[in-house]
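Ligands are counted one by one from 1 in listed order, and the atoms in each one are counted from 1 as well. Quick caveat, the model's predicted, so the values are computed rather than measured. The figures that follow rest on heavy atoms only: side chains count, while hydrogens, waters and symmetry mates do not.
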Amino acid sequence: MNRIVIVSNRVQVPAEGAAKAGGLAVALDGLMTQRGGLWFGWSGTVSDDVRRTVACKTLGAMQFATIDLTREEHERYYSGFSNATLWPLLHSMPDLMSFDRRNAVVYRQTNERMVAALLPLLRPTDLIWVHDYHLMAMPALLRARGVVAPIGFFLHVPFPAPDMLASVPEAGSLIKDLLSADLLGFQTANDMENFAAAADRLAGAARLSPSVLQWAGRRVRLGVFPVEIEAREFAATAACSWRSGPTERLRRSLAGQHLVLGIDRLDPTKGLIQRIAGFRRLLETRPDWRRRVTLLQIAAESRTDVTAYRDLRLALDAEAGAMNSEWGEPDWTPARVIARGGARVTLAGYMREARVGLVTPLRDGMNLVAKEYVAAQDPQDPGVLVLSTFAGAAGQLRSALLVNPHDPDELADAMDRALTMGLSERQERWRAAWAAIENATPALWGRNFLQALVRASFTAPRVAQDVPVIRTGLPVVAAAVPQERGAARLN
Ligand code: F6P
């Protein structure tokens, strides 16, 4: 079996304290635990004095290799080009996008530095799998350094329409960089279609069939691979956690009220302001629900170096505060907003307690919280998922109450419907949602992608015959990893 080499911006090294939240982390951790291999990327540490070393740790069949980012790389590559330019653009929110040419330059340089650090660790028989928008230049940079191993790329976030993408001056070159891979994977068919259209429009790639493009004399395969969760394991965790202290305390604090729950990173794409507006509309238009329902919104702060994220925190506090002061009572607070995440186990218990799960992003690649909410339910007495049609998960969880998150009345109607829904309809909807996720796992997701990558690499002519020995001068440091896993991971 060929070794898999995963390359992602953030590496989920076990037992290194606060592993950062993310659907990517959930999927890759699940895959690597099962399959083993090398996982390479950023350590999560910013250091002024970047030691020119790769830190390596081994845990069972998994090997982790990480580098630190310099302050400039963190500012320009991560916060700047990745999260202030590409992230809003890929989520079709150009009004939040800012572009600075120097950030684009450092983005490419950081991709290059990562390639240089990775090269000495590669073997000719590896399957290389690059993840996400931080590393879009990497397939071309690997080829430029003579790597002939199969290269796959998976985009965890949505891919926008070509017109939208064209707002970033780098768009054409990033698409060409991606076209150096053998296989490009997307969360949904819509993302894949948008990519094919952009590849045609901005890079002149010809579409030979729905899943094959031709560019610069080579074939590149496209595919749809929706990211999955470990649904059975999550269901067991939720059932256990529901009886434990934190959920017990939450339940007591609700004193018989229904819980409406949102769990997200604090991110402009998540539709948090719109969600508060929808809940406010529920209380305005259905006064019966006052004092009988509480919204708990967990909005874990992230990317606080990016202005839009800091502004959002202020706006969310203001909106929730205004609603509470307007509709609250001395003994009832309509919305509880918490700007921190929580332990994964605790959140699973909260999900099982919630009568309504609100997953209403304005745009989202997949949104694994939607799948986790379904997995967490008691099959005998399940809650109802209210899901944005703009989340990738809506393609699979068709039995959820699907909503347009921009319309507060639609959100209020859906919450009212969820809160009043009879047991048999709740069970029926839950069973259909569970059937969509129960047998899928991150390991199967990874296997499907890797099998497709191997097939794709047979049909794509190589650009060079051998991997040259490239000396980067980066010493490799080895250390043991204590065996402990799991922090809360949000989309
Ligand atoms: O794909 C996007 C993603 O990697 C998600 O997995 C996760 O939601 C988020 O970004 C994590 O962001 P960051 O690494 O910037 O904290």
Side-chain angles (χ1 to χ4, degrees), residues 6-13 16-32 39 41-46 66 68-69 73-93 96 107 110 114 129-136 153-160 185-188 191 225-229 262-272 298-306 308-310 312-313 339-341 344 347 359 361-372 391-393 442 445-446 487-491:
I6 296 284
V7 188
S8 65
N9 170 60
R10 211 183 266 287
V11 175
Q12 170 98 351
V13 181
E16 289 219 325
K20 276 290 175 122
L24 180 146
V26 172
L28 294 187
D29 192 36
L31 164 69
M32 294 299 272
W39 190 347
W42 175 38
S43 60
T45 302
V46 177
T66 56
D68 296 348
L69 291 184
E73 285 167 344
H74 185 262
E75 185 190 321
R76 296 192 178 281
Y77 148 79
Y78 173 73
S79 298
F81 195 68
S82 297
N83 286 323
T85 303
L86 289 179
W87 176 271
L89 198 62
L90 292 168
H91 286 84
S92 303
M93 299 175 83
L96 292 183
Y107 174 90
T110 309
M114 286 184 153
W129 188 1
V130 181
H131 290 259
D132 235 357
Y133 59 101
H134 314 83
L135 303 175
M136 286 166 83
F153 179 93
F154 184 79
L155 187 69
H156 290 254
V157 299
F159 199 92
F186 301 89
Q187 299 271 24
T188 68
D191 299 326
F225 304 88
V227 172
E228 302 294 351
I229 63 161
I263 300 181
D264 305 83
R265 271 186 318 101
L266 209 160
D267 191 293
T269 61
K270 302 296 178 184
L272 299 172
I298 293 177
E301 257 195 330
S302 76
R303 304 179 189 166
T304 47
D305 292 337
V306 183
Y309 290 72
R310 287 198 302 274
L312 176 63
R313 168 75 198 271
R340 293 180 306 281
R344 184 166 188 249
L347 299 183
V359 182
L362 304 181
R363 187 81 52 176
D364 215 330
M366 177 51 58
N367 199 303
L368 296 185
V369 170
K371 294 184 175 181
E372 288 176 345
W445 165 76
R489 307 146 196 195
L490 309 180
N491 293 274

Using a plain distance cutoff, I'd like to know if [X] has any nitrogen or oxygen under 3.5 Å from a nitrogen or oxygen of ligand 1.
{"X": "Arg303", "answer": "yes"}
{"X": "His156", "answer": "no"}
{"X": "Tyr78", "answer": "yes"}

Using a 4.0 Å cutoff against the non-hydrogen atoms of Val157, which atoms of ligand 1 qualify? 1 (O), 2 (C)

Atoms of ligand 1, numbered as shown, that sit under 4.0 Å from any heavy atom of Arg10: 13 (P), 14 (O), 16 (O)

Which class fits the ring pair Phe159 and Phe186: parallel under 30°, tilted 30 to 60°, perpendicular over 60°? perpendicular

Under 30°, 30 to 60°, or over 60°: which ring-plane class applies to Trp129 and Phe154, parallel, tilted or perpendicular? perpendicular

For ligand 1, the portion of Trp87 having any non-hydrogen atom under 4.0 Å away: side chain

Ser79: side-chain hydrogen bond (donor to acceptor under 3.5 Å, both in side chains) partners, not counting sequence neighbours: none

With sequence neighbours excluded, what pairs up with Arg310 under the salt bridge (Lys or Arg N to Asp or Glu O under 4.0 Å) test? none

Would you check if the side chain of Trp87 reaches a backbone N or O of Leu90 as a donor-acceptor pair within less than 3.5 Å? no

